[in-house]
Q: 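Below are the structure tokens for one structure; questions will follow.
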Amino acid sequence: DTGVSQDPRHKITKRGQNVTFRCDPISEHNRLYWYRQTLGQGPEFLTYFQNEAQLEKSRLLSDRFSAERPKGSFSTLEIQRTEQGDSAMYLCASSFLGWSNSSSYNEQFFGPGTRLTVL
Amino acid sequence: QKEVEQDPGPLSVPEGAIVSLNCTYSNSAFQYFMWYRQYSRKGPELLMYTYSSGNKEDGRFTAQVDKSSKYISLFIRDSQPSDSATYLCAPPGSQGNLIFGKGTKLSVKP
């Protein structure tokens with residue numbers, strides 16, 4: 001296992017188009033997180049999954065955004081009707097955490113990110 | 001007030017210098033803090049973490065937490081050009097998501 005992978009690495013699209021990104025986490029990691037990072041800022045949390053269940057969504061995740069993790073393995077993040085403000089690096093991270101340890105140390109491993117440019 | 005504040009820099013130091021990177025936080029409930037390093041156009045990678053009390057040392061890196069002043073520090077000894085990156089502090093939120101500061105961009109000149 002070589003770590004978290006993301007595809008594509010770069011995406012250029014025109015405003016109004018839909019885009020979909022894929023994240024493959026580290027095998028057997030039950031948690032998967034999506035973050036967005038804009039220039040000069042730290043990553044900002046978007047949403048996360050525990051296995052296939054989406055448990056939390058940030059207020060940053062507008063109704064144009066949807067994420068899935070259908071079999072508790074890979075995940076997709078779709079942005080509909082893209083806007084120029086969606087231009088950012090979209091990062092995926094995975095970790096393993098037990099149900100009883102929500103506040104325990106939770107090391108997240110990040111993928112290389114998908115850089116989205118909306119023209 | 002943001003939950004995590006970090007001076008974005010940039011910070012430029014000569015090779016071999018001791019570097020001090022700092023964060024302040026507002027939520028006293030944070031139980032541990034992570035430091036991530038991010039090279040340009042790459043994803044963040046975990047450098048080290050420390051629980052909300054005491055210090056932790058790992059090679060040239062030392063992380064400190066001062067709970068009373070809600071202040072977190074990362075020290076890099078004998079800095080190398082390969083340490084040039086953005087350093088992000090990140091405590092975990094209630095759902096285990098990480099709450100990142102803006103990051104401090106460090107440049108170590110040979």
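Chain letters run A, B, ... following the sequence lines, proteins first and then strands; every chain starts at 1.
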Q: Against the six-membered ring of F21(A), is K11(A) placed for a cation-pi contact (under 6.0 Å from the centre, within 45° of the normal)?
A: no

Q: Excluding sequence neighbours, so at least two apart, what forms salt bridge (Lys or Arg N to Asp or Glu O under 4.0 Å) with R60(B)?
A: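 R60(B): salt bridge (Lys or Arg N to Asp or Glu O under 4.0 Å) contacts with D83(B).
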
Q: With a strict 4.5 Å heavy-atom criterion, list every residue of residues 32-43 of chain A that contacts chain B, or say none.
A: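 So the qualifying residues are Y33(A), Y35(A), Q37(A), G40(A), Q41(A), G42(A), P43(A).
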
Q: Looking at P44(B), G103(B), G43(B), which one has more heavy-atom pairs under 4.5 Å with chain A than the rest?
A: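 The candidate making the most pairs under 4.5 Å is P44(B).
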
Q: Contact part of L98(B) toward chain A, heavy-atom cut-off under 4.5 Å: side chain, backbone, both or neither?
A: both

Q: Can a side-chain donor-acceptor contact be found between T104(B) and D7(B) if the only test is distance below 3.5 angstrom?
A: no

Q: At a 4.5 Å cut-off on heavy atoms, which part of Q6(B) comes close to chain A: side chain, backbone, both, or neither?
A: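 Q6(B) has no heavy atom closer than 4.5 Å to chain A.
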
Q: Measure the shortest side-chain to side-chain distance between F100(B) and F45(A) over non-hydrogen atoms and say whether it is less than 4.5 angstrom.
A: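 Of all side-chain heavy-atom pairs linking F45(A) with F100(B), none is under 4.5 Å.
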
Q: Which residues from residues 58-68 of chain A are near chain B, with near meaning under 4.5 Å between non-hydrogen atoms?
A: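 Those residues of residues 58-68 of chain A which would need a heavy atom under 4.5 Å from chain B do not exist here.
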
Q: For the candidates A93(A), P112(A), S95(A), which exhibits the highest count of non-hydrogen atom pairs separated by less than 4.5 Å from chain B?
A: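 Sorted descending by pairs with chain B, the first entry is P112(A).
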
Q: Ignoring hydrogens, what is the shortest heavy-atom contact between Q6(A) and G113(A)? Give both atom names and the distance.
A: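 In this case the closest contact between Q6(A) and G113(A) is OE1-N, 2.9 Å.
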
Q: Is the shortest distance from a Lys or Arg side-chain nitrogen in D7(A) or R9(A) to a carboxylate oxygen in the other one below 4.0 Å?
A: no

Q: Tell me which of these, N97(B), L88(B), V4(B), has more heavy-atom pairs under 4.5 Å with chain A than the rest.
A: N97(B)

Q: Where does the angle between the aromatic ring planes of F30(B) and F33(B) fall among parallel (under 30°), tilted (30 to 60°) and perpendicular (over 60°)?
A: perpendicular

Q: Between the side chains of R69(A) and E52(A), is the shortest nitrogen-to-carboxylate-oxygen separation below 4.0 Å, so that they form an ion pair?
A: no

Q: Non-hydrogen atoms of chain A under 4.5 Å away: do they reach the side chain of P8(B), the backbone, both or neither?
A: neither

Q: Do T47(A) and E56(A) have side-chain atoms, one donor and one acceptor, less than 3.5 Å apart?
A: no

Q: Could you name the residues of residues 71-92 of chain A that have a heavy atom within less than 4.5 Å of a heavy atom in chain B?
A: M89(A), L91(A)

Q: Could you walk me through whether K57(A) and Y48(A) pass side chain to side chain contact (heavy atoms under 4.5 Å, CB included), step by step?
A: CA-CA 7 Å; K57(A) 291 193 280 189; Y48(A) 90 96; over 6 Å; no

